[in-house]
Amino acid sequence: MQIYPKTNTWTCFSKNCDAGSGDVIEFIQRMDKSSKREAIMRAKSLINQGTVISSQIAIPTPDENLDLTNLFHGLRLKLHRFKKALAYLKSRSIEPQLEIGYNPYGTEYKQLQNCIVFPLKDAKGQIVSLYGRSISESKSSTHFYTKNRKGLYPGYPLPHTKTIYVTEAIVDAATLQTHLGRETQVLSLFGTNGWGEEHTEAVVQLRQLQEVILFFDGDEAGQKAIQTYAPLVK
């Protein structure tokens, strides 16, 4: 078992244990086999004689320096514990074994609550941001990012890449990887207007590149984006 002080979360790695991962309150629930309300009351009694010290159980805010690698690892473990998240992936024809997580309660990062979570990586393959696709019916917006978004999904393509698929959305990229194989080089934009400097940097360094396939929706926005990006790619 490992505890992550920066995010106030924990993960159990034992194959003989189905506890998975969670926050402080979830830990108490499992240890005491109690309800969430009972766990909160128990936490109050354990901390400073009944006074809850906010820094001890506070969720990380976008301004905190989060350990995104450990945070995402915990979210990956949670994905397989929630049928709702797995059902969404199935509806989008996405393989759960890809690098995907789920944040059911927003404990690790409040803005990504009830989101399927995808990691954005830098040129060294390190997770530098997270993208969340909300599966909540109550949210008016469905796309969320950690603060100061950077990085690419699923990451910078391999240097020897000859063919690459460019999609308009991260979910589309995950679907393509599921059906074409993980070895297929895919690069997601952040919407039809979401080609940034990092995308240019990633494509320019592909000296063996022969083909770029723009895989967008066939609507007006998708057609317009292709007209914009085709000359840029050439």
Side-chain angles (χ1 to χ4, degrees), residues 2-11 20-26 54-82 84-85 88-89 92 94 96 98-136 138-157 166-175 177 186-202:
Q2 185 165 349
I3 295 174
Y4 308 105
K6 289 183 179 180
T7 58
N8 286 316
T9 57
W10 51 270
T11 296
S21 61
D23 59 16
V24 177
I25 301 303
E26 289 174 300
S54 60
S55 61
Q56 295 293 321
I57 63 171
I59 60 173
T61 68
D63 295 322
E64 293 182 24
N65 183 22
L66 299 177
D67 185 339
L68 294 179
T69 299
N70 281 333
L71 188 155
F72 181 71
H73 178 74
L75 298 181
R76 285 197 73 182
L77 294 175
K78 286 187 177 182
L79 174 68
H80 296 276
R81 292 165 45 200
F82 291 87
K84 180 180 180 180
Y88 174 80
L89 294 182
R92 300 302 299 259
I94 297 175
L98 294 177
E99 281 192 289
I100 303 171
Y102 180 54
N103 191 9
Y105 309 121
T107 305
E108 287 80 359
Y109 200 95
K110 188 174 182 180
Q111 191 175 6
L112 300 181
Q113 180 177 356
N114 206 22
C115 284
I116 302 292
V117 181
F118 300 82
L120 307 185
K121 298 181 179 181
D122 62 14
K124 296 180 180 180
Q126 300 297 313
I127 299 177
V128 290
S129 292
L130 298 176
Y131 160 72
R133 173 59 166 84
S134 175
I135 59 175
S136 172
S138 60
K139 282 190 175 181
S140 57
S141 180
T142 57
H143 305 284
F144 300 90
Y145 297 91
T146 48
K147 190 177 181 181
N148 299 322
R149 183 190 71 200
K150 52 187 175 180
L152 301 174
Y153 181 83
Y156 279 64
V166 177
T167 68
E168 68 175 81
I170 288 176
V171 171
D172 297 334
T175 301
Q177 280 195 309
V186 178
L187 183 61
S188 174
L189 305 186
F190 304 118
T192 53
N193 296 318
W195 185 299
E197 293 182 4
E198 285 188 279
H199 294 93
T200 299
E201 177 186 341

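Below, all heavy atoms of this structure are taken into account, side chains as well, without hydrogens, waters or symmetry copies.
Taking all atoms of both residues into account, the shortest heavy-atom contact from Thr192 to Glu168 is CG2-OE2, 3.6 Å. The two residues Trp10 and Glu26 make their nearest non-hydrogen contact at CZ2-C, 4.2 Å. Scanning both residues, Leu68 and Ser129, for their nearest heavy atoms gives CD1-N, 3.6 Å. Nearest heavy atoms, Pro96 versus Leu89: CA-CD1, 4.0 Å. For the pair Cys115 and Tyr102, the tightest heavy-atom approach, listed with the atom from each and the gap, is O-CD1, 3.2 Å. For the pair Phe72 and Ile100, the tightest heavy-atom approach, listed with the atom from each and the gap, is CZ-N, 3.7 Å.
The line from CZ of Phe144 to CG of Leu112 is 8.5 Å long, rounded to the nearest 0.5 Å. Put simply, NZ on Lys84 and OG on Ser136 are 5.5 Å apart, with the number rounded to the nearest 0.5 Å. Atom-to-atom distance recorded for Phe190:CZ and His199:NE2 is 4.5 Å, nearest 0.5 angstrom. Between atom CG of residue Leu152 and atom CG of residue Leu120 there is a gap of 7.5 Å, rounded to the nearest 0.5 Å. With rounding to the nearest 0.5 Å, the separation of CG in Leu79 from OH in Tyr88 is 12.5 Å. Thr11 OG1 to Leu71 CG: the interatomic distance, rounded to the nearest 0.5 Å, is 9.5 Å.
Looking at Tyr156 and Glu201, their side chains come closer than 4.5 Å, going by heavy atoms from C-beta outward. Annotation: side chain of Thr175 is not in contact with side chain of Thr167 (no heavy-atom distance under 4.5 Å). Side-chain atoms of Ile94 and Gln177, non-hydrogen and from C-beta on, never get closer than 4.5 Å to each other. Counting heavy atoms from C-beta outward, Leu75 and Asn103 have side chains that approach closer than 4.5 Å. No side-chain heavy atom of Asp122 sits less than 4.5 Å from a side-chain heavy atom of Lys150. Val171 is not listed as a side-chain neighbour of Ile116, based on a closest heavy-atom distance of 4.5 Å or more.
Between the side chain of Ser188 and the backbone N or O of Ile170, at least one donor-acceptor pair lies under 3.5 Å. Panel note: side chain Thr146, backbone Leu130; a donor-acceptor pair is recorded below 3.5 Å.
Residue Pro119 is tested with Glu99, His73, Gln126, Arg76 for a side chain to side chain contact (heavy atoms under 4.5 Å, CB included); the sole match is Glu99.
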Before you tell me yes or no, could you show the steps for Asn114 and Tyr105 under side-chain hydrogen bond (donor to acceptor under 3.5 Å, both in side chains), namely the whole-Å CA-CA distance, both residues' side-chain angles and the distance that decides it to 0.1 Å?
CA-CA 6 Å; Asn114 206 22; Tyr105 309 121; over 6 Å; no

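Classified by interplanar angle (parallel below 30°, tilted 30° to 60°, perpendicular above 60°), the ring pair Tyr131/Tyr145 is tilted.
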